[in-house]
Visitor: 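Got a structure for you, questions after.
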Protein chains: 2
Amino acid sequence: MSALPPSPADPTAPKPARPAATIHEVARLAGVAIITVSRSFTQPGKLSPGTLSKVREAVARTGYVPNRAAGTLRLARSGFVAVLVPTLKGQNFSGLIEGLTTTLAEHGHQVLIGEVGYSGPREDDLLRSVIGRRPDGIVITGVMHSAEGRALLAQSGIPVVETWDVTPTPVDMLVGASHEAIGYAACTYLARRGRRRLAHVGGDDERAARRARSFVQAASHFGLEAPVLHTVRSPSTHADGRLALGELLARRPDIDAICCGSDPLAMGVMTEARVRGLAVPDRLAVMGSGDSEYAATHVPSLTSIRIDGLQAGRIAARLVLDRLQGVPIEHKVVDLGFEIVERESA
Amino acid sequence: MSALPPSPADPTAPKPARPAATIHEVARLAGVAIITVSRSFTQPGKLSPGTLSKVREAVARTGYVPNRAAGTLRLARSGFVAVLVPTLKGQNFSGLIEGLTTTLAEHGHQVLIGEVGYSGPREDDLLRSVIGRRPDGIVITGVMHSAEGRALLAQSGIPVVETWDVTPTPVDMLVGASHEAIGYAACTYLARRGRRRLAHVGGDDERAARRARSFVQAASHFGLEAPVLHTVRSPSTHADGRLALGELLARRPDIDAICCGSDPLAMGVMTEARVRGLAVPDRLAVMGSGDSEYAATHVPSLTSIRIDGLQAGRIAARLVLDRLQGVPIEHKVVDLGFEIVERESA
DNA sequence: GTGAAAGCGCTAACAG
DNA sequence: CTGTTAGCGCTTTCAC
C-alpha cells in the first residue's frame, strides 16, 4: 500500500511512469502468495482451478510479465543464446540465424543477435558484454578471436559453437566448412571445364584470404599459370565486382574465368562483362559464392558455392542444447561441407 | 576455500564445468570487499592505484565478467534496446539496425535483435518474452500489433518507438514514412514522365497494400486507366519479379511502367524484360524500392524509392535515450520522408 | 494445494 | 579511500 512516487522527469511521457507490475502486486491483487503467482506460470496444473483463474485475472489486469533478470539470477539460466555475426548486410547469415532461431525456439530459447563487424578491435568488448548477460550458449560466426577473447570464452563456462569456418583449435565446439577446401574445389571446377587463365576476387577478411590461397595452390597443382588476384573490402558489393573486372582485365586481358567471393561480386562482374560485350560463360566463366536467391533466376544463372547455413544453424543449436542438458557430445567438430551449384555462368 | 563440486554431467565438456567467477571470489582473491570490485568497474578513479591494480589482477586471473542479470535487477536498467524486425533477409533493415547500434553504443547501450516474421501470430509471444527481459527501449519495425500487444507495451512502461511506417495511433513514439505518400509519389513520378499504362507489384504485407492502394488512387486522379496489380509473398524476390512481369504482360500486354515494392523484385522484372527483348526504360519503365547497393551500378541503373533507414535508426535511438534521461520529447512523431532516386530505369 | 524463508549477484546509500 | 547493510524480483526447498 505504498504511495506512488511523485512522477518525476518527463511530462510528455504518455504512459504513467509507473513501473511495470511485479509479482508482489499481482499476488496482492489475487489474494495469494507470490509463489502461487510464480507457479501459475511454471506449473499451472498444480493450482486449483479457482486459484488459477484468480491469478490469471490479476495478471491480465496488471499486464504483468515476469522479470527474467530475476529469473536468470535465481536459476543461473538466461534462456537465450547469443549469436555473433560479422554483419547483417547481405543475406549471408540469415539462413544460419533462421536455423538457430527455429530450433532453439522449439526448446524455449531465444536468440540474441550481435553484430561484430569485420574490423575486429571492438570484438573483445562486445564479447565481454555478451558474456555479462550470461547467455546459455554463444554461437560465433567466422570471427578470429583474440587470445584474450578465447580465454574469456573458456573461463565463462558457457557452451561455445564456432561456425562458418573450420579452425584448427576450436574453443569448444565447431560447425563449419573448410575454406581451404572450397578454394581448392572452385579452382578444380574451373580447370576441369577447360579454363586456363584464372582470376580470383575476394574480400579482405581472413576466410576470403584462405580461399584465395588454396585457389592459387590448386592452380599450381594443375600446372596453370598463377591466377590473377584482386582483393576488395568486405563485405563485397556489386559495385566492387564491376570495378574488379576492369582491374583484372587491365592486368591480364585474356582471363577466361573469375571466381568471386560473394554473389553480389559475381553479379557485378557479370554486369560489367555485359557492358563490355564479354559473353558469359563463353568468353568468361563467372562463379559466385553464397548461392543467393537471385543466382538461380538471373540470366545467365549464376554458378555459386553453397554452404548450408540453415543446416549449420540447426546443428549449432542442437550442440548447445545437448550441452545444456548434459548430453554427451559425440562430435564436437562438424564439417558441414559445401556444394558447387552448377548453373549457366560457369 | 570451498571444494570444487564433483563435476557432473557431461564428460566431453572441455572446460571445467566450474561456473563463472562471481564478484565474491574476485574480492576474496584481491583481499578487498566486494563493493570495491564493483567500483573498479564503475568508478575506477575512486580507488587507490594499489587497490585498483590488485583488483584488476584478480579480475584478469579469474576471467571475471560482471553478471548483468544482477545489475539489471538492482538498477532496473538492462542497458539494451530491443529491435523487432519482420525479417533479416534482404538488406531492408540493416541500415536501421546500424543507425540504432552505433548511436546506442555511444551511450553504452546494446541492441538486441528479434525476428518477428511477416506472419503475425507469434508476435504477442515474442513481445512478451522481449518485455520480460526489461529492455530500456523497444523499437518495432512495421509490425501491426494486436490490441493485446499494444496493451502489453503500454503497461510495460518501456519507451516504444514504432518505425518504418506511419500509423494514426502510435503506442508511444514514431519514426516513419507514409506509405500512402510513397505510393502516390511513385505514380506521380511515372505519370509525369509520360507513362500511361501502369502496373504495380508488391508484397502481401500491410505496408505494401497501402502503397498499392494509393498508387491506384493517384492513377485515377491523373485520369489514367486503373493500374494492373500483382501481389507476391513478402519478402519479395528476384524470382517473383521475373514471374510477375510474365503475369502482367499476359493480362495487359502494353503496360509501359512497373512500380515494384522492392529492389529484388525490380531486378527480376528487368531480367525478364531483357530476356523478352523489352528495352528498359524505353519500352518499359521500372521502379524499385529500397535503393539497394546494386541499384546504382546495375545496367541500366535502377530508379528506386529510398527511405533513410540509417537516419531512422539514429532518430529512434535518440528518442529512446532522451526518454530514458527524462528529456522532454519535442516531437513524438517524426516523418522521415522518402526520396525517389532517379536513375536510368525509369 | 498453498505458503514462508532464503538467496541468486550485484550496487546505492550510508557509514567510517 | 574502503566497507556494511539492504534489497532489486524471482524460484527452490521445506513446511503445513
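From a predicted model like this one, the values you see are computed outputs, not experimental measurements. Atom set for the values below is all heavy atoms of this structure, side chains included, hydrogens, waters and symmetry mates excluded. Below, read A as the first sequence line, B as the second, and so on, with proteins coming before strands; counting in each chain starts at 1.
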Visitor: Please determine whether a side-chain nitrogen of the Lys or Arg among B:Arg128 and B:Asp124 lies less than 4.0 Å from a carboxylate oxygen of the Asp or Glu.
Guide: no

Visitor: Rounded to the Å, how far apart are B:Arg77 CZ and C:dA12 P?
Guide: 12 Å

Visitor: Under 4.0 Å from OP1 or OP2 of C:dT2: is there any side-chain N or O of A:Thr51 that close?
Guide: yes

Visitor: With sugar-phosphate meaning primed atoms plus P, OP1 and OP2, does A:Thr72 contact a base, only sugar-phosphate, or nothing at under 4.0 Å between heavy atoms?
Guide: nothing

Visitor: Might you confirm whether atom NE2 of A:His331 has over 12 heavy atoms from other residues, nucleotides or ligands at distances under 6.0 Å?
Guide: no

Visitor: Measure distances between side-chain N and O atoms of A:Arg68 and base N and O atoms of D:dG9, and say whether any donor-acceptor pair falls under 3.5 Å.
Guide: no

Visitor: Which atom pair, heavy atoms only, marks the closest approach of A:Arg68 to A:Ser78?
Guide: NH2-O, 3.4 Å

Visitor: Distance check needed: C:dG9 C1' versus A:Arg133 CZ, whole Å only.
Guide: 15 Å

Visitor: At less than 4.0 Å, is any side-chain N or O atom of A:Thr36 found next to OP1 or OP2 of C:dG3? Yes or no.
Guide: yes

Visitor: Assign A:Phe41 to base, sugar-phosphate, or nothing according to its heavy-atom contacts below 4.0 angstrom with the strands shown.
Guide: nothing

Visitor: When you get a sec, tell me which of D:dT11, C:dG9, D:dG3 is the closest nucleotide to the side chain of B:Ala70?
Guide: C:dG9

Visitor: What is the distance from CD of B:Gln43 to P of C:dC10, rounded to the nearest Å?
Guide: 16 Å

Visitor: Choosing from C:dG9, C:dG1, D:dT2, which nucleotide comes nearest the side chain of B:Asn67?
Guide: C:dG9

Visitor: Report the distance from atom NE2 of B:His24 to atom P of C:dT11, rounded to the nearest whole Å.
Guide: 11 Å

Visitor: From C:dT11, D:dC8, D:dC10, pick the nucleotide closest to the side chain of B:Ile34?
Guide: C:dT11

Visitor: Return the 5'-most residue of the pair B:Arg134, B:Gly45 with respect to DNA chain D, ranking by each residue's nearest nucleotide.
Guide: B:Gly45

Visitor: Rounding to an integer number of Å, can you tell me how far A:Leu75 CG sits from D:dT13 C1'?
Guide: 14 Å

Visitor: For A:Glu115 and A:Pro86, work out which heavy atoms get closest and say how close.
Guide: CG-O, 3.9 Å

Visitor: Looking only at side-chain atoms of A:Ile23, point me to the closest of C:dG9, C:dT2, D:dC10.
Guide: D:dC10

Visitor: Within this structure, what is the CG-to-C1' distance between B:Leu73 and C:dA12, rounded to whole angstrom?
Guide: 14 Å

Visitor: Could you tell me how far apart A:Ile131 (CD1) and C:dC10 (P) are, to the nearest whole angstrom?
Guide: 14 Å

Visitor: Ignoring the backbone of B:Ile35, work out which of C:dA12, C:dC10, D:dG9 is nearest its side chain.
Guide: C:dA12

Visitor: For the pair A:Thr163 (side chain) and A:Val175 (backbone), establish whether a donor and an acceptor sit closer than 3.5 Å, ignoring hydrogens and angles.
Guide: yes

Visitor: Between atom CG in B:Leu52 and atom C1' in D:dT2, what is the gap in whole Å?
Guide: 13 Å

Visitor: What's the closest nucleotide to the B:Arg74 side chain, out of D:dA6, D:dG9, C:dG3?
Guide: D:dA6

Visitor: Which nucleotide, D:dT2, C:dC10, C:dG1, lies nearest any side-chain atom of A:Ser48?
Guide: C:dG1

Visitor: Considering only C:dA4, C:dA13, C:dG9, which nucleotide approaches the side chain of B:Arg39 most closely?
Guide: C:dA13

Visitor: Can a donor-acceptor pair be found, under 3.5 Å and without considering hydrogens, that links the side chain of A:Thr103 to the backbone of A:Gly99?
Guide: yes

